[in-house]
Each structure stands twice: as structure tokens, then as C-alpha cells.
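Here's the structure, in C-alpha cells; my notes come after.
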Amino acid sequence: MTSRNDEDDNGFAEWGGYMAAKKAKLVEQYEQQASSSKKQSDILTGVAIYVNGYTSPSAEELKILMSAHGGVYHTYQMPKTTHIVASILPNAKVKQLGSVPIVKATWISDSIAAGALLDHRKYLLYTGHDDKQPKLDCVRPKTLTAADPGFLSEFYNNSRLHLISTLGAEYKQLVNQLREKSNGVYPGRERLRTLPRGLAPSERVVMHIDMDCFFVSVGLRSRPQLRGRPVAVTHGRGTPINRPQASVECENELVKKYFPNENFEDVDSHGSMAEVASCSYEARQCGVRNGMLLGNALKICSDLKTIPYDFEGYREVSTALYKTIAEYTLDIEAVSCDEMYVDVTPILAAANITVEDWATHIRKEVIAVTGCPCSAGFGANRLQARLANKRAKPAGQFYLRPDDVETYMAQVSLSDLPGVGSATVAKLTKMGLHKCGDLQTVSRGQIQAELGNKIGQTVADLANGIDHKPLNFHHERKSVSADVNYGIRFKDKTEASNFLQSLSAEVCARLKDVGMR
DNA sequence: ATCCTCCCCTAC
DNA sequence: TAAGGTAGGGGAGGAT
Ligand SMILES: Nc1ccn([C@H]2C[C@H](O)[C@@H](COP(=O)(O)OP(=O)(O)OP(=O)(O)O)O2)c(=O)n1
Ligand SMILES: [Mg+2]
Ligand SMILES: [Mg+2]
């Protein structure tokens, strides 16, 4: 579901008409909500809730009550969330949510009925110290499915991919804002005065800086005993439900049949289906990779230790990283929550320092401020900076000097070029090409015939260390979308359309958030 | 040529 | 149990 009308008419006229009707209803609902949310009191001022799962009153009702009484409703947990509202939470989950108090929904409705904010401690769902299961305050189904109203927020609260997408957009926005209100003064540069001087390079220098195994590094801050060991961040704990052997074999067979050229990981009946979001460099030595299924990672690295996600921690570290760099320059292109390109030429020139001294300084500062290691690569363009960083990792730095580019590039694997993924690698392999240097043996026309005009040209350039794409310091988003490919199994058309309606509402809310409509 | 629409590919 | 999102670049093929 997107801001464009791509849900209209997929060949089903009836469907298109139905969606149009639904959309009209949605608009109506929004207007109703806006009008019914006229202020009735201020008793909930300062309260910001996030609702987890089923409650009574429902999440939908709480949303309206909150805004009617001066409170704030968060669709998912945020730093400013003051209370989590829930009916039941497993102990493991309670731990994970941290120090935010978890209260029953009746705290809100009772407070409104009483005309004053009641002591939330009387409504705590979980009293903290005993191991007793929390009490139910309403009936709740066993598992949330995509047809349930709470499904979307529950999913978003656990989706790492949703998180990193959201964070990426936030930091692009942050850079925009910092640049708009900048007064051109960079206080961090004062701190460079103690470095040796008189040696700044005359050419342009781009830095690519990226946190080392980001999620793992954040997790290791509070688990120093795991440093130096193979560690992975994942939801799974290595003990999956047992799928019937037959179903697993059937899946592997079908995958091979339909994707004969792909080398997909086999799933096995004992393996956890949870994905490894990030793994330590010790785990990588055994062949573990980000994005792998935990079950398969455990097969090649049996002493892999798993640690849970820490979404708030990632947010804190990312913010600290961006704030730190922004003290030196705002010539920053945000790439993601753990990564950015920076034009450091003016920094080096102003302080008259070498790339190496700057790199050592900034890496030290990032680790001091975040508690997490990062690496930095430098070169004359973004490609060179990025390849340099790949070589620098972990916890290192590398400057790919202009004089060394030609020699260096020849031995770089084509698969290491940005934009060259598995499909492109397959095509290049079929042509007998593996290293950037191999491209010298074929004409540009031949490459373009295989890869297409544009990509062919770009790859040919990249293989020679050439990258014409400038750093983009100001990001404008061109589209807003929401889609879910997890847990979608509808019983009937009504369930499906209800879900589509929640997704539409989500896109709507995001558009409003971005200031459109 | 330039567009539009429906994909595929890539990256984090 | 597990949480397979999101945005951008660009190609193929047909309409203009
Ligand atoms: N398939 C992936 C890839 C990445 N990430 C998340 C977790 C990573 O920690 C974070 C940053 O991605 P990077 O590509 O920078 O990978 P790492 O930081 O983990 O490792 P590296 O040291 O190679 O940068 O994004 C993820 O959840 N799933
Ligand atoms: Mg990283
Ligand atoms: Mg990264």
C-alpha cells in the first residue's frame, strides 16, 4: 500500500469499487475522529501511552480518550512514551520493555471517570519482583494474527527492518534540519588543535563511517563478558517449534525447482527460523552473516551466543554518532542509522591535519561517546571511501590514496561494488568476470548488453574506481509506503480488507506526519 | 524521444 | 515461533 494508487484495479473491477468505498469511509472516520477529539479536559497532560495487544477499553478507544483529555497516544513505543498499557505480558517481554511502567487500560478510563489522574501504581500490571504471571483484566486470544486489530503495532514493535527504515529516514531528516538552522560554526573543530599540523591533503577527501556490527556492539556494552566471542542479535533463542520433516523437505524442493539458479539456504526441521540481524566478527569467521537464519548459523557456529534486540539502544547510539559528526561539519549524507558519507576536505584544510590523524581522532571520539566501535574509510569519491571502509573493518581506518586506486581496484571483487548484488553477480559470472580487473578484458558495450545501459556503464566506471555520483547533503523523500509480508494468512475477504484498511490508515498517518495532505 | 506502468534489483 | 520494511534506481515494453 503506497501513497500512489497501486491498490486500485488489479483486474477486479468489483475490488476497485470496493476500495474506493473503503477509502471514502476512511476519510469519514478521520474527520469524525478529529471532531470527537475536541478537548474535554487536561487530566492526562504529560501522559504518553503505547498500547500493547488487546485491552479494554480498546487501543482505538484509548487513542480517542487520550487526545480528548490532553494525553498523547503512540502507535508504537517511543522514547517519550511514559506508560505502556497492556492486559497481559509474558515476563520475558516485561524485562525487554525496560523501565517504563506497564499499566492496565482501566487506569485511563478510571482517571477520566474520576475527573483526575489517579495513581498509576494502583494499576500496575506487573508488580515487579515476584515471578507470578500478571493478572488478566480481559479475555485475550492466544496468538495475534494479521486479522487482529493490534497486529500492526505489535509487528512494528518487533520488526528490526521497520526500525532501521524508520531510523534511516529520521537521520536524513535530522541532517536536513541541522543544515537549515546552522550558523556555520563547528565547535568540534576546536578539539583538533592538539593534532600535528601542516599536512592536509590538497585533493578532495570523502569519509565513509559505519558502526562495526552495529546491533551486536550496542548489545555488548552491557555484556562485556561476551566480547571476543561469536555473538548474534536475533529474536530466536535457537529452540524453534518443530516443523514436520515432510513440510520442510517440500519447501526446500519447491525453492530449488522455482529458483534453480539461486543458492538459497536450506531450511531444516530443527533450525530456528529467526533471522540474525547482526553478528560479531568472531561469528563471521565461522561464516555467519547478517540476515542468515539462526538455525543455519548455529549449524556452522555451534557456540554462537544470541542476545536480544535493544531498539532504544540503537536509537541512542545512532543519535550520538550523528551529533558527534555534526560538531565538525554538516556536509553529511546520511545513509542509515549506523552509516554516513562525509566530505571531510574542509575539516582537514581548516585544521591542517592528515587523514590518518583525523580518522584516529574521530573514531576515538565515537567510541567514547557511544561505547561502540566504528570504522572509517577515505577516498576521492564515495566508492573509494566505501571500499576503503570495507578493508578498514573492524575497528580500523584506511585511506585509499589516489595513486593506489588503479592497483587496488583490479583485485576488488565485482560483488563488493555498491549496487552489484546477487542477480548482477550471476550475470557477470556467466560472462567469466569476477574481479574489477577482469572488466578490462571486455568492451563497455558487452557489459551494457548484459546488464542494461545504465547499470552497465555504472559498473564499468565503478570497476575503475570512478564514481560520478556526488554526495547529497539534503534529502527529499519521494514516496511513502507501508507493506507487510509477515504472518499474512486470511480466512476470508473481510479479514483481508480489514487489514488493508489498517495499512491504509498507517500510510495516511505517515503522510500526515510528513506534513502532506 | 518521452511517457507510463509494471516489474526487478539493491541496500541498510 | 517470529515479527520477511522501506526507499530509490532502473529496465522492458507499450502508448503517446
Ligand atoms: N540483513 C540485515 C542487515 C543489517 N541489519 C541491521 C543490523 C545491523 O547491525 C545494522 C547495520 O547494518 P550494516 O550493514 O552496517 O552491518 P553491521 O553494522 O552489523 O556490520 P558491519 O560491521 O559490517 O557494518 O542494520 C539487519 O537487521 N538485517
Ligand atoms: Mg555497520
Ligand atoms: Mg551500515
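Values reported hereafter were calculated over all heavy atoms of this structure, with side chains retained and with hydrogens, waters and symmetry mates removed. Chain naming here is simple, since letters A, B, ... match the order of the sequence lines and numbering starts at 1 in each.
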Going through the distances and angles, do A:D331 and A:Y341 end up as a side chain to side chain donor-acceptor pair (under 3.5 Å)?
-> CA-CA 8 Å; A:D331 290 344; A:Y341 290 103; over 6 Å; no
CA sep, side-chain torsions, deciding dist, call: A:F499, A:F490, ring-ring contact (aromatic ring centres under 6.0 Å, His included) = CA-CA 9 Å; A:F499 180 71; A:F490 299 119; 5.5 Å; yes
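For the pair A:L383 CG and B:dT10 P, the computed distance is 17 Å after rounding to whole Å. Here the C1' atom of nucleotide C:dA7 and the CD atom of A:E476 are 15 Å apart, to the nearest Å. The nearest whole Å value for the distance from the CZ atom in A:R382 to the P atom in C:dG9 is 11 Å. Distance A:L152 CG to C:dG4 P: 13 Å, rounded to the nearest Å. Remark: C1' of C:dG9 and NZ of A:K469 are 8 Å apart, rounded to the nearest angstrom. Protein atom CG of A:L294 is 11 Å distant from nucleotide atom C1' of C:dA2, rounded to whole Å. Following rounding to the nearest Å, A:N158 (CG) and C:dG5 (P) show an atom-to-atom distance of 13 Å. Residue A:N290 contributes atom CG, which lies 16 Å from atom C1' of B:dT10 at whole-angstrom precision.
In this structure, A:Q457 reaches neither bases nor backbone, as no heavy-atom distance under 4.0 Å exists between it and the strands shown. At a threshold of 4.0 angstrom between heavy atoms, the contacts of A:S165 include nucleobase atoms, whether or not backbone atoms are also involved. As judged by a 4.0 angstrom heavy-atom cut-off over every strand, A:G421 is placed among residues touching the sugar-phosphate backbone only. If you check every strand for non-hydrogen atoms under 4.0 Å, A:G487 touches nothing.
Of all nucleotides listed (C:dG10, C:dA7, C:dT1), C:dG10 comes nearest to the side chain of A:K454. You'll find that the side chain of A:R477 is closest to C:dA7, out of B:dC12, C:dA2, C:dA7. Of the candidates C:dA2, B:dC12, C:dG8, the closest approach to any side-chain atom of A:I164 belongs to B:dC12.
Residue A:R160 has no polar side-chain atom (N or O) positioned under 4.0 Å from OP1 or OP2 of C:dG5. Residue A:N485 places at least one side-chain N or O closer than 4.0 Å to OP1 or OP2 of C:dG5. Note on A:H475: a side-chain N or O is less than 4.0 Å away from OP1 or OP2 of C:dG8. Between A:T424 and the phosphate of B:dT10, there is a side-chain N or O to OP1/OP2 separation shorter than 4.0 Å. An OP1 or OP2 oxygen of B:dC12 is reached within less than 4.0 angstrom by a side-chain nitrogen or oxygen of A:R386. Put simply, A:S422 has a side-chain N or O that comes within less than 4.0 Å of OP1 or OP2 on B:dT10. One finds no side-chain N or O of A:S272 lying less than 4.0 angstrom from the OP1 or OP2 phosphate oxygen of C:dT1. Under 4.0 angstrom from either OP1 or OP2 of C:dG9 there lies at least one side-chain N or O belonging to A:K478. A close approach under 4.0 Å does occur between a side-chain nitrogen or oxygen of A:H162 and OP1 or OP2 of C:dT6.
With the nearest nucleotide of DNA chain C identified for both A:G452 and A:S159, A:S159 has the one nearer the 5' end. If A:Y486 and A:I455 are placed on DNA chain C by their nearest nucleotide, the residue sitting closer to the 5' end is A:Y486.
No side-chain donor from either of A:N472 and A:E333 sits under 3.5 Å from a side-chain acceptor of the other. For the residue pair A:S153 / A:Y50, no side-chain donor-acceptor distance below 3.5 Å is found, with atom types taken as modelled.
For the pair A:V218/A:C372, a side-chain contact is recorded, criterion being any heavy-atom separation below 4.5 Å from C-beta on.
Aromatic rings of A:F155 and A:Y486 (six-membered ring for Trp) have centroids within the 6.0 Å cut-off, being under it.
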